[in-house]
Amino acid sequence: MKVQKLQPVKGTKDILLDESELFLHVVNIAREAAKIYGYHEAYLPIFEFTEVFKRTLGETSDVVNKEMYTFEDKGGRSLTLRPEFTAGIVRSLISNNLWDKFPLKLFSAGPVFRYENPQKGRYRQFNQINLENIGTRSPMIDAEMVALAKEILDRLELPNITLELNSLGDIDSRKKYSTALVNYLTKYKKDLSEDSQTRLIKNPLRILDSKNISDQKILEEAPALKNYLTKDSLKFFEELLVHLDALGIKYFINDKIVRGLDYYTDTVFEFVTKELGTQGAVIAGGRYDGLFKIMGGIDTPAVGFAGGIERLMALYKGKVETRKPVTLLVLDRKFTMNGLELAQKLRKENIQTVIDESKDVGKSLKKALGNNSKFIIFLGEDEVSQGKVKLKNLDTREEKLMSESQLIGELK
Ligand code: HAM
């Protein structure tokens, strides 16, 4: 009977070999940038009580309605694999009573889960870098947040990415706007797409980012969100723009950005590209001043963003420095102990060493090159009898017989 080859689950992606080097490169770049902006790292559970996400991301949002991986554990509790980081982070700050630690800046990276329709750049398990600045309401902080996102993209040297910005105002302005939008759209209800007709009842603001042509035509004359912003929200947004101008950060105001999660207030932003087909957002986020209160905590302002690591990897054009270890080739079984000891000495000196045992030098050379080794050390009868090793530079093909201490000096 033929055994069927095991397949990965739809929407998941194995990240191996060169791709995993690139993955780490992206995370490390983000981590370094976060560090120079004063961020601490946070490692939080991958699953939470379902409630943590249900109310916070919006009962009518796609993420909560259709995309959560929810299951019951053996104790009958409803748990959900995190579809994003923000709600879990807020939960952890509330659970740990970290009020006196604010303002607090947190960096995380790891997998998130959404039951979406997989396509290019869209997975069911994907990875995010996530950054949150908690405890301050100020346009300066929002500008800094945007600047940090841009810093990460610049350090990765990703081309053709534009920044789109909008303000959703506070909860009151959004409620008022929502009523005005529903009144307007109800007149055209039968001409709206099926999706938008449902959203008209469940989540009218989401209609604004409908890609349907007929919806877009109707939206041209729709009331504008900016006319419903409170004085405070308008001033906040204007100050943010002044700060971004001062930093020389180019942006495009897109009043159709509403974001797929419900917790946002005031600033929302997306760094978008046309290079990934329909999955244009690379980094996205915004302010969420109401979330702590909704989750039963002390009212605390906050702003943050997340970037899709797989999308950042797909856009990356540079070369990733792959490791260049030294291969230590033991040519005779008799000398395996000498080989192991020498390998340990080299590693103590922080020289990356892989050990191989073979009589077939040609095959071992090939393997060493495949490993990206820059050097190969031969350890056989000739070398051991003279108390030396032979070092071959695989770039120049040069070979030299030397003592162990010379070897360490040479490799360092
Ligand atoms: P989000 O816009 O849902 O925001 O996701 C952030 C980023 O994750 C997107 O811009 C995209 O790069 C990536 N992403 C989203 N869905 C997928 C997918 N199915 N496959 C691959 N990549 C994907 C949030 O998650 C918010 N928590 C961001 C935030 C933090 N807001 C405030 N703080």
Side-chain angles (χ1 to χ4, degrees), residues 10-13 15 23 26 30 34 39 42 44 48 52-53 56-58 61-64 66-69 81-91 93 104-135 141-142 145-146 148-149 152-153 156 158 161-164 166 168 206 209 257-273 275-292 300-316:
K10 185 175 171 186
T12 65
K13 180 175 162 56
I15 298 170
F23 183 97
V26 169
Y39 278 67
L44 297 176
E48 296 276 352
V52 168
F53 304 114
T56 53
L57 310 189
S61 68
D62 280 353
V63 173
V64 170
K66 305 185 206 158
E67 298 171 6
M68 294 207 309
Y69 279 91
L81 298 182
R82 66 179 174 212
E84 58 113 48
F85 280 84
T86 314
I89 288 172
V90 172
R91 192 279 305 145
L93 299 176
L104 188 59
K105 299 170 173 185
L106 295 176
F107 171 86
S108 308
V112 289
F113 306 84
R114 295 183 192 176
Y115 194 80
E116 292 196 80
N117 248 340
Q119 49 178 266
K120 188 179 170 206
R122 190 158 82 192
Y123 302 98
R124 289 183 174 171
Q125 174 174 340
F126 58 100
N127 293 277
Q128 286 185 338
I129 44 160
N130 187 88
L131 295 92
E132 312 288 357
N133 185 328
I134 292 141
I141 296 298
D142 290 24
M145 209 70 221
V146 170
L148 174 49
I152 294 170
L153 297 170
L156 287 167
L158 303 186
I161 294 181
T162 44
L163 165 61
E164 300 194 350
N166 193 19
L168 300 180
R206 289 285 294 167
D209 67 6
I257 297 185
V258 287
R259 310 276 301 121
L261 308 163
D262 276 9
Y263 49 60
Y264 291 106
T265 53
D266 290 302
T267 315
V268 284
F269 62 92
E270 293 183 350
F271 283 87
V272 294
T273 174
E275 287 194 25
L276 295 175
T278 50
Q279 304 311 308
V282 186
I283 284 185
R287 180 158 280 285
Y288 52 97
D289 287 351
L291 188 55
F292 275 83
T300 306
V303 60
F305 66 79
I309 297 178
E310 288 78 0
R311 292 190 191 172
L312 292 164
M313 286 166 67
L315 292 175
Y316 187 75

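Counting starts at 1 for both ligands and their atoms, following the listed order.
In Glu116, the part holding a heavy atom less than 4.0 Å from any atom of ligand 1 is the side chain.
Ligand 1 has at least one atom lying under 4.0 Å from a heavy atom of Arg311. For the pair Phe271 and ligand 1, no heavy-atom separation below 4.0 Å is found. Residue contacts with ligand 1 leave out Glu270, since none of its heavy atoms falls under 4.0 Å from the ligand. The closest approach between Gly121 and ligand 1 falls below 4.0 Å for a heavy atom of the residue.
Here's the thing with Arg122: none of its N/O atoms is less than 3.5 angstrom from an N/O atom of ligand 1.
The environment of Tyr115 atom OH is sparse: at most 12 non-hydrogen atoms of other residues, nucleotides or ligands sit within 6.0 angstrom.
With respect to Arg114 and Glu84, no salt bridge is recorded, no charged nitrogen being found less than 4.0 Å from a carboxylate O. Classification of Glu48 and Arg91 as a salt-bridged pair holds, one side-chain N sitting under 4.0 Å from a carboxylate O.
Remark: ligand 1 atoms within the under-4.0 Å shell around heavy atoms of Asn130 are 30 (C). Near Glu132, the atoms of ligand 1 lying under 4.0 angstrom from a non-hydrogen atom of the residue are 30 (C), 32 (C), 33 (N).
In the candidate list Val282, Leu291, Val112, Val282 is nearest to atom 12 (O) of ligand 1, counting heavy atoms. When the options Glu67, Glu84, Lys13, Arg114 are ranked by their closest heavy atom to atom 3 (O) of ligand 1, first place goes to Arg114.
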